[in-house]
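Heads up: the structure comes next, in structure tokens.
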Amino acid sequence: MSYNWEKGFTIDFDKITGLSQTAQSTKRLLSQMRGMFTDSAAQEKMIAGGDPVVYEFYEMGAPEHPGDLAAGASITYPGKVGDEYFMTKGHFHTILETAEVYYTLSGSGYMLMENPEGDWSAQELSAGKMVYVPKRYAHRSINTGNVPLVTFFAFRGDAGHDYGTIEEKGYRKLIVERGGKPEIIDNPKWK
Ligand code: NI
């Protein structure tokens with residue numbers, strides 16, 4: 001199947017596999033996120049023990065034009081590295097002035113956001129609710145539950161992704177498990 005970006009199209013939304021069987025899937029293994037979790041020793045041990053998929057996302061391949069919408073689905077798996085929950089790498093958009101919407105289909109967790117000026121926000125992700133990520137904010141999904149966290153997202157087609165800034169600097173805040181519950185703490189490794 002190919003999508004007709006000029007005339008429109010309809011797809012079946014599969015909550016388990018993402019948008020559709022034909023969407024392009026990208027998997028992120030734990031070994032592709034070295035340096036992003038605080039407990040590097042725990043991370044190396046898990047990589048040696050089987051290198052789990054932390055998250056994957058499905059993209060529809062929209063044309064990268066300002067008037068088109070890039071849309072897809074993201075699945076963040078349940079798990080922890082030390083006491084830090086599985087999360088996506090997180091990114092800014094290359095066009096920083098780009099907002100995005102995330103609608104949670106199943107699972108639960110947080111959308112952790114921060115802007116270059118240092119403001120941050122953590123919004124709960126729960127099934128049937130939408131989170132609006134304002135322009136200028138980096139965003140990362142964090143699964144604090146014990147089933148996959150599945151979200152649908154959409155943003156302007158030409159916005160692009162800037163992963164490098166977060167890979168280099170990290171996030172100001174982390175969400176970790178304390179006493180069986182999620183807690184937001186300062187990132188000791190933030191640069
Ligand atoms: Ni985004």
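We count ligands from 1, going down the list as the structure has it; atoms in each ligand are counted the same way. All values below come from the heavy atoms of this structure, side chains included, with hydrogens, waters and symmetry mates left out. Keep in mind that what you see is a predicted model, and the values were worked out from it rather than measured.
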- Message: Less than 2.8 Å away from the Ni ion (ligand 1), how many protein N/O/S atoms can be counted, ignoring water?
- Response: 4
- Message: So, using side chain to side chain donor-acceptor pair (under 3.5 Å) as the criterion, who are the partners of Ser40 when residues are at least two apart?
- Response: Lys189
- Item | Pairing residues for Glu168 by the side-chain contact (heavy atoms from CB on, under 4.5 Å) criterion, not counting sequence neighbours | none
- What is the ring orientation for His91 with His93, classed by angle as parallel under 30°, tilted 30 to 60°, or perpendicular over 60°? tilted
- Query: Does NZ belonging to Lys89 count more than 12 external heavy atoms closer than 6.0 Å?
  - Reply: yes
- Does any pair with a residue in residues 122-132 pass side chain to side chain donor-acceptor pair (under 3.5 Å), and if so which ones, sequence neighbours excluded? Ser121-Gln123
- Using the salt bridge (Lys or Arg N to Asp or Glu O under 4.0 Å) rule, take Asp186 and Arg172 through it: C-alpha gap first, then chi angles, then the decisive distance, then the call. CA-CA 6 Å; Asp186 288 333; Arg172 288 175 167 82; over 6 Å; no
